[in-house]
Amino acid sequence: MEKTTLTVNDFNLKYSFESGQPLSFYADFLNNELAYTAKNHIVNIKQENNKIILKSDDIIFAKKELISRFRLKDPMKTIYNEISTDSFMAESISRYKGLHITLNDPWETLVVFIISQNNNIRNIRNSVLKLIELFGTETEFKTKNFPALNDLLNAKENDFKKCSVGFRAKYLKNAVDYCTNNLDLYKLKQKDYETIVQELLQVNGVGNKIADCVALMGYGKLEAFPIDIWIKRILEKIYFKGNKTDIKILKSFAMQKWEKYAGYAQQYLYWNARNNFNSY
DNA sequence: ACCCAGGCGGGCG
DNA sequence: CGCCCGCATGGG
């Protein structure tokens, strides 16, 4: 294993990993050390204050992977300035300073978030690990890659059910077919936010929330603002006097308030709500 | 036993 | 159109 170190600012590996983003459903985080497989390579990341210790069989690849996956070039000072519009957001940011949005493979992101619907973190991870075990290709290090679209072409609905995904099995099967025959996820990379969402919504089993998650974490569209049950609850509690409020209203409120970095605002709200909801 | 989880599609009014 | 309900699985 080759090794290198680099210096980072306004980055916290633990928060970025733990906050319910795609990597959290299959990577290992033990003793403050993150380990996962990407494109047939081992990636091993450890943080000590402002220092990242990176280990890999291919250190050039791993360095690019690290910088890209954790968006280390994001202008965090600017982002914090833009989204810190009120005391609640300011507190959310200060609690989890250094939490980055991650940038993941679009297909991987789509699969993970299809599995996430009406589900909980623990079950999602359990299903994703089973999916990798069943369909992921093995590396020379005996670890497995997250299954690419091509690895799933022959998977049947019943094969997906072996991964404890229940009713979502038909959505996964449909997503494989649709992305094989009707939609090239990788061509979408050059499109804008609205186009990406509209295209993703054509996939049966993908609604507004999943489309926004994929736009944000699979395509890097930072203006996307996915609204799940926790975002809904915390927005209502903090900004709507506890009143039940339609998701469409919440969404236009958030997108106007946080604009091009709404996705970052969303991630800080989400993680703060998940961890501290009852203290507000 | 009942409720909930990073929702969505379909059917009914 | 909007509203509401079922949906698999596992844990509290």
Side-chain angles (χ1 to χ4, degrees), chain A residues 15-27 92 96 99-104 106 108-131 133-134 155-179 197-219 221-222 224-238 244-252 254 262-278:
Chain A
Y15 298 151
S16 305
F17 168 72
E18 287 182 338
S19 56
Q21 302 192 245
L23 264 183
S24 71
F25 300 121
Y26 64 91
S92 302
Y96 300 106
L99 194 172
H100 279 222
I101 295 289
T102 59
L103 179 61
N104 308 272
E108 177 175 318
T109 311
L110 180 62
V111 167
V112 162
F113 281 105
I114 285 175
I115 293 173
S116 81
Q117 66 178 94
N118 196 35
N119 209 343
N120 61 50
I121 299 280
R122 186 191 175 114
N123 287 351
I124 298 165
R125 183 170 163 98
N126 179 42
S127 289
V128 170
L129 289 176
K130 284 184 182 173
L131 189 76
E133 186 52 40
L134 262 183
K156 296 170 185 165
E157 184 176 337
N158 270 335
D159 294 323
F160 289 117
K161 284 193 174 171
K162 293 173 191 163
C163 304
S164 308
V165 296
F167 66 91
R168 307 167 196 86
K170 63 177 179 294
Y171 296 147
L172 291 172
K173 168 73 177 127
N174 174 70
V176 170
D177 293 344
Y178 193 83
C179 294
V197 166
Q198 285 314 307
E199 292 293 335
L200 290 172
L201 287 176
Q202 304 308 309
V203 185
N204 191 273
V206 175
N208 292 117
K209 192 271 175 182
I210 294 177
D212 272 329
C213 279
V214 177
L216 179 61
M217 301 170 206
Y219 291 96
K221 300 303 180 187
L222 296 183
F225 192 88
I227 300 185
D228 75 317
I229 184 67
W230 289 98
I231 293 292
K232 185 174 189 316
R233 282 204 279 250
I234 198 69
L235 286 180
E236 287 169 346
K237 190 168 188 176
I238 303 296
K244 295 289 180 194
T245 308
D246 189 90
I247 286 184
K248 282 187 174 175
I249 296 176
L250 295 176
K251 189 156 169 173
S252 66
Y264 259 101
Q266 177 273 157
Q267 200 63 21
Y268 280 85
L269 288 176
Y270 172 77
W271 201 230
N272 196 10
R274 287 296 308 250
N275 293 316
N276 310 296
F277 188 81
N278 291 129

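Nothing here was measured: the structure is a model prediction, and the numbers come from that model. The figures that follow rest on heavy atoms only: side chains count, while hydrogens, waters and symmetry mates do not. Here is the naming used below: chain letters follow the sequence lines, and residue numbers restart at 1 for every chain.
- Residue A:Ser24 is classed as having no contact, given no heavy-atom separation below 4.0 Å to the nucleic acid.
- In summary, the aromatic rings of A:Tyr96 and A:Tyr15 are positioned with their centroids under 6.0 Å apart.
- Along DNA chain B, the nucleotide nearest A:Asn123 and the nucleotide nearest A:Gly205 are compared for position; the residue whose nucleotide lies closer to the 5' end is A:Asn123.
- With hydrogens and angles left out, the side chain of A:Gln117 and the base of B:dG9 share no donor-acceptor pair within 3.5 Å.
- Within 3.5 Å, a donor on the side chain of A:Gln267 pairs with an acceptor on the base of B:dG6, or the reverse.
- You can see that DNA chain C meets the heavy atoms of chain A within a 4.0 Å-exclusive cut from C:dC7 to C:dG11, reading 5' to 3'.
- With B:dG6, B:dG9, B:dA5 as the choices, the nucleotide that has an atom nearest any side-chain atom of A:Gln21 turns out to be B:dG6.
- Regarding A:Phe167, its CZ atom lies at a distance of 13 Å from the P atom of B:dG10, rounded to whole Å.
- Residue A:Ile210 is classed as a sugar-phosphate contact, given heavy-atom separations below 4.0 Å to backbone atoms only.
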Checklist line | Secondary structure of DNA chain B in dot-bracket form (Watson-Crick or G-U wobble, distances below 3.5 Å, | marking inter-strand pairs) | finding: .||||.|||||||

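- Looking at heavy-atom distances under 4.0 Å, A:Asn208 makes contact with sugar-phosphate atoms alone, never a base.
- Note on A:Arg168: every side-chain N or O is 4.0 Å or more away from OP1 and OP2 of B:dA5.
- Within 4.0 Å of A:Gly207, counting heavy atoms only, lie sugar-phosphate atoms of the nucleic acid but no base atom.
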